[in-house]
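Chain letters run A, B, ... following the sequence lines, proteins first and then strands; every chain starts at 1.
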Amino acid sequence: MKIASVIVDVPTKQTDKTFDYLIPEQWNHLVVPGMRVIVPFGPRNIQGFVTEIKSHSEFNSLREIIEPMDLEPVLSKELLELGNWLTDTTLCFRIFAYQVMLPAALKAKYEKKVKLAAGVKASDLPSPLSHLLDGGAMLDWEEALKQGLVGVLHREAIKGNIEVIYLVKERVKKKHIKVIRPAVAAVQLKEELKQLPANAEKQKQVLLYFIDQYQETEYKKLTSQYQLSPSAIKALESKGLLDGMEMEVYRDPFDHRVFQKTEPLPLTENQEKVITPIRNAVETGKHEVFLLYGVTGSGKTEIYLQSIQKVIEKGQEAIVLVPEISLTPQMVHRFKSRFGDLVAVMHSGLSAGEKYDEWRKVQRKEVKVVVGARSAIFAPFENIGIIIIDEEHETSYKQEDMPRYHARDVAIRRAQTYNCPVVLGSATPSLESFARAQKNVYQLLTLPSRMNNQALPSVEIIDMREELRSGNRSMFSRKLLELLKDRLEKQQQSVLFLNKRGHSSFVMCRDCGYVVNCPNCDISLTYHRAGVRMKCHYCGYEAPVPSVCPECSSEYIRYFGTGTQKVEDELGKILPEARVIRMDVDTTGRKGAHEKLLTEFKEGKADILLGTQMIAKGLDFPNITLVGVLSADTMLHLPDFRSSEKTFQLLTQVSGRAGRHKLPGEVIIQTYTPEHYSIELAGTQDYNLFYQREMMVRKMRHYPPFYYLAMITVSHEQLLTVVSETEKIVQFISSQVSNKTVVLGPTVSPIARINNRYRYQCLIKYKREPNLYKTLKKILDQYQTTAKNGPLVSIDVNPFIMM
DNA sequence: AGCACGCCGACT
DNA sequence: GTCGGCGTGCTC
C-alpha cells in the first residue's frame with residue numbers, strides 16, 4: 001500500500017512535521033501531493049495536506065487516510081515548495097504557510113457530536129440522554145456542554161453506550177444550480193413531439209421550448225415560465241430526451257455591472273520607453289525586477305494594462321497586487337473593462353464564498369488576470385508571465401501575523417520559478433526598493449512627468465505655530481480658509497485630509513485629558529459606535545463608555561474619533577454653505593458605503609470631501625483643485641524608523657489628488673514642524689532629495705536598507721521574568737553572531753503590556769549573518785517546547801510595525 | 001489544539 | 001475510599 005506524508009492542521013511546535021498514513025486502495029491513484037485529506041489524529045479526525053507519496057515509512061503501525069477532501073490538489077507542486085520556503089524564511093509552522101495560500105473557505109471546520117453506539121437502545125440511557133439521542137439523533141458536543149451533560153456523557157462513553165464522532169466539514173459549499181439540456185438532436189425532439197399523448201400538454205410545451213431554444217436552460221427558469229411541476233421534466237428525462245445536471249456557478253460580485261470595453265491607449269514617448277524593457281522581458285521569459293518610478297498621474301496603470309496584454313497574447317497569466325484601500329471599484333473597472341471576463345478580483349470586501357469562487361476561476365484556468373490585495377500573490381496560476389505590484393511602498397503588503405511574509409518577496413520568489421518579470425510601481429518607492437534600483441539589483445524605469453504634461457500641483461506649507469502666534473486658534477489656517485472659500489465660489493471641489501494619529505478612535509476627557517485605557521493592556525480602548533461601547537483590539541476587553549470621567553468626574557468625557565467629526569462641525573460653523581462629505585470608519589462601515597460616498601462626490605453633490613487615510617489613494621476626479629492636509633506631522637512622532645518615509649509618501653500621495661485633469665491644482669499642508677525634511681521635501685515634491693536625506697539617517701542609525709532587521713518579542717505575566725528571559729536571548733544571540741551585528745535589548749515594547757502580559761523586545765541589526773535563521777529557530781524551539789506558563793516568544797524578520 | 005493519563009485535595 | 005482539579009506528553 002502507498003503511504004502519504006501529511007502536514008496536519010494543528011499549529012504547534014510538536015506537530016510541525018509530517019505524519020505518515022496509509023492510502024486506502026480505492027483512493028490509490030487519486031491521492032497526490034497538494035491535496036487535502038481527512039486523517040485520524042489521536043482520538044479525533046482532522047484535516048491535513050499531503051506533501052509526499054512514498055512506499056516506505058519509518059513507523060510500523062500506520063493508520064489509514066479516512067477520505068480525500070479534493071478531487072484535484074489545491075496546492076500545486078510550486079505552491080507546496082513556496083509554502084516550505086515561507087516556513088523557512090518567516091519561521092512559522094508549515095500548516096500556516098499552506099493555509100495562507102488558500103481562500104479561507106478551504107480551512108476546515110470541526111464538529112464534535114455524540115450518538116448512540118451500535119446495538120444500544122436509547123431507553124437504556126439515563127433520562128436526559130435517552131430522548132436527546134432517540135432515533136439515532138446526533139447531539140452537538142457544544143450543546144451538551146452548555147446543558148451540563150459532560151459528566152453523564154463521559155460515564156456512558158466508558159460503558160460503551162455512546163459514541164463520540166469527529167466531523168471535518170468544508171466551510172463553504174460550491175454553489176450549484178440545476179440545468180436541463182436536450183439529450184438528443186433537435187430533429188429527434190420534433191419526432192418525439194408528434195408521438196406525445198394528446199394529454200401531455202406540459203411535456204409538449206417543454207419540448208417546443210427546447211426545439212426553439214436548443215441550449216442549456218436553468219431548471220428554475222423552465223418551471224417558473226411554464227408553471228411546471230417537476231414531473232413533466234422527469235418524464236422527458238426518463239425518455240432520454242432531456243438531461244438534468246448540476247452545474248457549478250460563481251457568485252459574481254460584479255454580475256450586475258456592464259463594462260464598456262476599452263482599447264489600449266496610445267502611449268506617450270515616455271511610456272513607450274518604459275514599457276519596452278518590460279515587454280522584452282515578457283517576450284523572452286526573463287526574470288527581472290523593474291522598479292517603475294512614476295509621479296502620480298504619469299500613466300502607470302496603462303503600462304500595467306499593456307504589459308498584461310502582451311502576457312495574455314503569449315498565453316500566460318498575470319498577477320496584479322494593489323493595496324487593499326485602493327482596490328476601489330474604479331480600479332477594478334479599469335481591468336475589467338480592458339480584459340473583461342478574464343479578470344478575477346480578490347479583496348476583503350467579498351464574502352468567503354465569493355472569494356472562494358474567484359479562486360476557483362483561477363484554479364480552473366478560466367481567467368488570465370488576478371487583481372487583488374496582498375494574498376492574491378498566491379493565486380494558483382501555473383504559467384505566470386508577469387507579476388505587478390502597484391504602490392509598491394505600501395506597508396500593507398507585509399502581513400503582520402503568521403506567516404509574516406512580505407508580498408514583494410513572495411512575488412520575486414514566484415517570478416524566479418516562472419522566469420518572468422516583476423514590476424514594482426510607485427510614485428514614492430520604498431527606500432529598500434529604490435536603493436536596490438540604485439545598485440542595479442532592480443532595473444529602474446522612470447516616468448518623470450504627468451500625462452499631457454499637466455503641471456504637478458503647487459504645494460504650500462503653512463506653519464501652524466505662526467498661525468497660533470497671530471491669534472488664529474482654529475484648525476484651519478487663514479490661507480486654507482481663503483482657498484476653500486475661493487473654490488466654493490468657483491464651484492470647484494476640495495479635499496481635506498486628516499492624518500489620524502497612531503491608532504483609531506479613543507475616548508478622552510476634555511477637562512483633564514484622561515484617556516480610557518484597557519485594564520489588561522497598555523493601550524487605549526477603541527470606540528465602537530454599535531452599542532456605544534469601547535473595545536480593546538488586543539485582548540477583546542469591552543466596557544460601556546463612561547458618562548463621567550473616572551479621574552476628575554467631568555461630564556465632558558467623550559469619543560474623540562479620528563477627529564473628522566470635529567472638523568466637520570467646525571466647517572459647518574465657518575463655511576455653513578459648503579456641502580461636506582465625511583469619510584472615515586464611521587461613515588464607511590457598511591458594505592458599499594465607501595463607493596456610494598465617492599460617487600456622490602464625483603457627481604458634484606458636495607463641495608468638500610473630508611477624510612482620513614482612505615481618501616489618499618485612487619481619487620481621480622477632474623473637478624478637484626484644492627487639497628488641504630490639516631496636520632501633516634501627526635505620524636512623525638510614532639516609534640517607527642519609517643515614520644519620515646511614511647509621512648513623505650502620504651503627503652506626496654495626497655498632493656497628487658489635486659489638479660489631475662485640465663484645471664490646475666493647489667495643495668496646502670498645515671504642520672507644526674515645517675522644518676522637518678520629510679514635510680519640506682514633500683512640499684517641493686522632491687523624491688530624490690528626500691531619498692538622499694533619509695538614506696543618510698538610515699545609514700547613521702543602522703537601519704534598512706543598510707541593515708536587515710529581526711525583532712524578537714518576549715512576553716510573560718511577570719515583569720522580572722520577561723526582562724531576564726529577554727536578557728538571556730540577547731546574550732545567546734550575541735554569542736552566535738559576528739561582531740558587526742548589533743543586538744539591542746532588552747527594551748520595553750512600545751505596547752508594554754497586552755492581556756496582562758509584559759512585553760520586552762530584542763532588535764537585531766545585521767548585514768550578513770548566514771546562520772541567523774538557524775539561531776532564531778533554535779530560540780523558537782526552546783521556548784515553544786517549554787511549559788505553557790513560560791515566556792512566549794515571537795519573531796518577526798524584517799518587521800514593519802515595531803510594536 | 002484536544003485529549004488521555006496521572007497524581008494530589010475535598011467530599012459522599 | 002471516589003470525584004475531579006489541571007500539569008505533562010502524545011498524536012503517524
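One finds no salt bridge joining A:R94 and A:D16 here, because no Lys/Arg side-chain nitrogen approaches an Asp/Glu carboxylate oxygen to under 4.0 Å.
Between the side chain of A:R753 and the backbone N or O of A:P519, at least one donor-acceptor pair lies under 3.5 Å.
Classification of the A:H406-A:F800 ring pair by plane angle, with boundaries at 30° and 60°, yields tilted.
Looking at heavy-atom distances under 4.0 Å, A:K13 makes no contact with the nucleic acid at all.
Taking atom CG of A:D16 as the reference point, atom C1' of C:dC12 lies 15 Å away to the nearest angstrom. Following rounding to the nearest Å, A:I65 (CD1) and C:dC12 (C1') show an atom-to-atom distance of 11 Å. The separation between A:D20 atom CG and C:dT11 atom P is 13 Å, rounded to whole Å. Going from atom CZ of A:R63 over to atom C1' of C:dT11 covers 8 Å, rounded to whole Å.
Inter-residue side-chain proximity for A:L22 and A:I3 is flagged as met; some heavy-atom pair is nearer than 4.5 Å.
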Give the intermediate values and the outcome of side chain to side chain donor-acceptor pair (under 3.5 Å) for residues A:S5 and A:D20. CA-CA 5 Å; A:S5 293; A:D20 293 345; 3.3 Å; yes
Considering only nitrogen or oxygen atoms on both sides, find all protein atoms under 3.5 Å from nucleotides 3-6 of chain C and state each distance.
none

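In summary, of the residues considered (A:R36, A:K109, A:K107), a salt bridge (Lys or Arg N to Asp or Glu O under 4.0 Å) with A:E170 occurs for A:R36 alone.
In this structure, A:F59 has its ring center no closer than 6.0 Å to that of A:Y21.
Shown here are the side-chain hydrogen bond (donor to acceptor under 3.5 Å, both in side chains) partners of A:D796, two or more places apart in sequence or in another chain: A:K398.
With a heavy-atom cut-off of 4.0 Å to chain A, the contacted part of DNA chain B has its first and last nucleotide at B:dA1 to B:dC3.
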